[in-house]
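Down below is the structure, laid out as structure tokens.
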Amino acid sequence: MPFLKSLNPLQYKAATCTTGPLLILAGAGSGKTKVLTSRIAHLIIHKKVAPSNILAVTFTNKAAHEIKERLEKLVGDKSQEILTGTFHTVGLKILREEGHRIGLNSKLTIYDEEEQTLLIKLVMSELSIDEKDAPHKMVLYEINLAKNGNLSPDEYRFQSSNPIADYVAMIYRAYQNKLILMNAVDFGDLICKPIQMFKTMPDVLEKYRDLFKYILVDEYQDTNKTQYVLTNLLAARHKNICVVGDPDQSIYGWRGANIDNILKFKEDYPGTTLVKLEQNYRSTKNILAASNCVIQNNEQRLDKTLWTDNHEGEMVTFEECLNEYQEARFVVNTVKKIMAHDQKLKYKDFTVLYRTNTQSRTFEEVCFEEGIPYTIIGGFKFFDRREIKDTLAYLKAIINPHDSLNFLRIVNVPPRGIGKAALDKVHAISRAHNLSLYDSFKKAVDDRILIKQEIRDFVGSFDMLRRESSEMPLHEFTSRMLDITGYSDFWEKKNTEDALERVKNLDGLVSAISNYVNNHPKAALSDYLNLVSLMSDADGYEEKHNRVTFMTIHSAKGLEFPIVFMVGMEEGLFPHKRCMEEDEDTLEEERRLCYVGMTRAKRQLFLVSAKNRSAGKETNQTVPSRFINEISADYIRRKDVAPQGTAQDHIERIRKLLGS
DNA sequence: GTAATATAGCTTTTT
DNA sequence: GCTATATTAC
């Protein structure tokens with residue numbers, strides 16, 4: 001078969017060793033996607049495995065789509081039947097099929113972080129727990145941590161050493177009860193709930209074990225405890241589990257990822273076949289050598305040396321600029337210079353990677369001035385805008401009548417004369433009769449507790465919309481909803497520049513939904529809403545656009561570009577000061593992040609820093625990142641810039657450098 | 001009781 | 001620089 005012939009011997013082994021547990025340690029740029037797709041194609045074509053018996057879990061939806069696309073070329077229509085997606089997509093699929101057994105129906109709402117926060121605040125106020133005793137942000141963090149570790153409220157309280165663990169456990173318990181009442185789940189639940197069902201309902205476990213006879217997990221180094229447990233339960237019978245990953249690229253520890261999952265795979269699955277892919281097909285010798293210099297400084301790692309047959313290439317460049325504005329100018333000018341020199345390169349061959357999203361602003365400004373086309377991945381997303389969130393909240397509240405949280409969000413937007421006093425009454429009814437907020441609201445109107453005509457009308461139109469929601473195409477419904485609720489009007493009437501922008505965005509959302517309807521004629525509104533909730537930043541990256549891409553290093557995972565700029569290479573920013581304050585492990589994770597960034601580059605890598613960086617209203621002098629110093633002089637060319645400003649500044653800078 | 005306006009506080013990475 | 005809270009105006 002042609003697709004197997006193009007593999008090197010180790011890749012071939014990884015693709016064709018189809019029975020029993022398989023661990024593929026795949027270094028950066030070692031062709032792991034090619035191996036994964038070849039393996040699936042081999043299973044279907046040569047081993048006659050039914051496509052529906054294959055589960056391929058990826059880190060992002062984009063990676064899942066890419067695998068599907070490549071597979072379509074290899075196996076044709078059969079690729080449609082393979083289940084590919086993130087852990088969250090898979091969990092959702094299971095919950096929509098089986099959730100009725102634990103009190104969830106298929107119209108369930110997925111709560112994102114903002115909705116989680118609102119619910120926690122709501123629960124805290126109901127339990128009269130003060131923000132001072134348990135800051136909601138810490139509560140959220142702890143609850144998510146517990147869920148990633150597959151801990152119930154009781155287990156959490158037992159294990160946690162956090163001083164507010166008692167409060168958190170209490171809030172966590174109430175929070176879970178609320179979620180069920182609201183027919184809603186958070187990200188953690190998408191994985192925890194299926195596990196709970198597998199453990200308590202043997203028939204459900206049987207069903208999915210038999211369905212997913214062959215399991216593949218990509219980016220295994222970034223799986224957490226629950227994800228481990230889920231795959232472990234599923235794979236226990238057939239033991240056909242293949243995981244791919246690279247411990248050196250584990251960068252999601254802060255989200256509960258457990259690097260031990262990959263390090264201890266061999267112990268968890270006796271009889272594991274191990275394949276190490278160490279030949280890099282992506283980068284030049286210089287880039288690879290420089291990257292190896294950095295990662296070698298980590299104590300905790302499996303020994304592994306990536307090598308390549310590629311050219312020596314250009315040296316890695318380190319450029320120290322005066323400030324972040326000059327940093328952006330340097331990048332833009334270099335892009336122009338390189339493109340003038342090599343006509344074959346396009347804008348889309350360049351990427352700018354940074355540690356924090358806020359860094360994108362300066363680059364955006366300079367590119368705008370210079371007329372360089374660009375796209376920003378992540379950061380302030382379209383779906384994070386207030387008007388879009390409000391609209392989605394309306395839609396969620398309409399199709400899921402139990403979703404009190406989103407109902408609460410929109411009940412007085414636009415203002416309908418429903419303030420704190422009115423809501424207190426509704427909350428009282430809700431508690432007294434154990435009703436959803438919407439039903440309580442209706443009861444308050446029926447019982448003439450709320451008498452304003454405006455409020456009566458609102459309840460009437462809400463009921464009508466709920467009836468209509470399944471009677472017309474999704475985009476038409478959305479448009480009608482915006483009309484009837486007066487939400488569009490609310491912004492239009494304001495008539496400010498900002499408000500008109502928001503109206504434009506609402507139109508944008510309607511056409512996005514219309515687009516979706518064209519591609520998914522049979523989809524329901526809940527399908528769309530769930531899709532939006534599970535969409536990731538990297539999913540928005542479109543290679544067909546010929547633009548320079550800006551994104552965080554985290555978002556760049558799994559991608560590659562001919563020319564890469566890593567900017568903000570300064571102590572305190574990268575490694576980030578919040579990580580430096582913590583233990584050695586988190587610093588090692590920063591180093592892995594640096595390694596991930598560097599190994600995205602195929603031809604040329606620029607490391608850039610700013611000697612002066614403004615943080616808020618202050619400007620601070622900086623010291624180049626320790627990661628720069630870790631690169632041997634053989635592979636890096638340094639360009640320093642003369643000190644700036646007055647003699648006083650200069651003395652000040654030297655003092656800072658000396659740490660006095 | 002509710003709506004509009006001023007102020008303070010935070011900004012690591014994300015499914 | 002942008003959002004949640006506090007204050008004031010209606």
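Naming convention: chains lettered A, B, ... in sequence-line order (proteins, then strands); numbering from 1 in each chain. Scope of the values below: all heavy atoms of this structure, side chains included, with no hydrogens, waters or symmetry mates.
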>> Go nucleotide by nucleotide along DNA chain B from the 5' end; which of Ile418(A) and Asn144(A) gets its closest nucleotide reached first?
In response: Ile418(A)

>> Whole angstroms only, please: what is the CZ-C1' distance between Arg255(A) and dT13(B)?
In response: 10 Å

> Whole-Å distance between dT13(B) C1' and Asn357(A) CG?
Replying inline: 8 Å

> Is Lys557(A) salt-bridged to Asp222(A), going by a charged N under 4.0 Å from an acidic O?
Replying inline: yes

> Got a salt bridge between Glu590(A) and Arg626(A), using NZ or NE/NH1/NH2 to carboxylate O under 4.0 Å?
Replying inline: no

>> I want to check one thing: is the phosphate of dT14(B), taken as OP1 and OP2, less than 4.0 Å away from some side-chain N or O of Lys62(A)?
In response: no

> Looking at Asn148(A), does any N or O in its side chain come under 4.0 Å of the phosphate oxygens OP1/OP2 on dT15(B)?
Replying inline: no

>> Here's a test for you: under ring pair (Phe, Tyr, Trp, His ring centres under 6.0 Å), which of Phe363(A), Phe368(A), Phe550(A) qualifies with Tyr374(A)?
In response: Phe550(A)

> Salt bridge check: are Arg361(A) and Glu364(A) linked by an N-O gap of less than 4.0 Å?
Replying inline: no

> Of the nucleotides dT15(B), dT12(B), dT2(B), which has the atom closest to the Ala421(A) side chain?
Replying inline: dT2(B)

> Under the 5.5 Å and 30° test, is His576(A) stacked on the base of dT12(B)?
Replying inline: yes

> Quick one: is dT15(B) close enough that its OP1 or OP2 comes under 4.0 Å of any side-chain N or O from Asn61(A)?
Replying inline: no

>> Counting only side-chain heavy atoms from C-beta out, which of dC2(C), dA3(B), dA4(C) sits nearest to Lys121(A)?
In response: dA4(C)

>> Using a heavy-atom cut-off of 4.0 Å across all strands, would you classify Lys420(A) as base, sugar-phosphate, or nothing?
In response: sugar-phosphate

> What does Lys425(A) touch in the nucleic acid at a heavy-atom separation under 4.0 angstrom: a base, only the sugar-phosphate, or nothing?
Replying inline: nothing

> Which whole-number value in Å describes the distance from Leu118(A) CG to dT3(C) P?
Replying inline: 14 Å

>> Here's a test of your reading of the structure: between Glu590(A) and Phe87(A), which maps to the more 5' nucleotide of DNA chain B?
In response: Glu590(A)

>> dT15(B), OP1 or OP2 - any side-chain N/O from Asn224(A) closer than 4.0 Å?
In response: no

>> Is there a side-chain contact between Thr552(A) and the phosphate of dT14(B), meaning an N or O under 4.0 Å from OP1 or OP2?
In response: yes

> Rounded to the nearest Å, what distance is computed from the CZ atom of residue Arg409(A) to the P atom of nucleotide dT3(C)?
Replying inline: 11 Å

> His136(A) NE2 to dA4(C) P: how many Å, rounded?
Replying inline: 9 Å

>> What is the separation between atom CZ on Arg613(A) and atom P on dT11(B), rounded to the nearest whole Å?
In response: 18 Å

> Between Glu113(A) (CD) and dT11(B) (C1'), how many Å, whole number?
Replying inline: 13 Å

> Checking side chain to side chain contact (heavy atoms under 4.5 Å, CB included) for the pair Asn162(A)/Tyr156(A): CA distance, chi angles, key distance, verdict?
Replying inline: CA-CA 10 Å; Asn162(A) 192 304; Tyr156(A) 163 80; 4.1 Å; yes

> With a 4.0 Å cut-off on heavy atoms, is Arg416(A) in touch with a base, just the backbone sugar-phosphate, or nothing at all?
Replying inline: sugar-phosphate

> Looking at Lys137(A), does any N or O in its side chain come under 4.0 Å of the phosphate oxygens OP1/OP2 on dT11(B)?
Replying inline: yes

>> Categorize Asn412(A) for me: base, sugar-phosphate, or nothing, with a 4.0 angstrom heavy-atom threshold over every strand shown.
In response: sugar-phosphate

>> Looking at dT12(B) and Trp254(A): do their rings stack (centroid distance under 5.5 Å, interplanar angle under 30°)?
In response: no

> With respect to the phosphate group of dT12(B), does any side-chain polar atom (N or O) of Thr358(A) fall under 4.0 Å of OP1 or OP2?
Replying inline: no

> Does the pair Glu570(A)/Arg355(A) count as a salt bridge with the N-to-O cut at 4.0 Å?
Replying inline: no

>> In whole Å, I'd like the distance from the OH atom of Tyr252(A) to the P atom of dT12(B).
In response: 16 Å

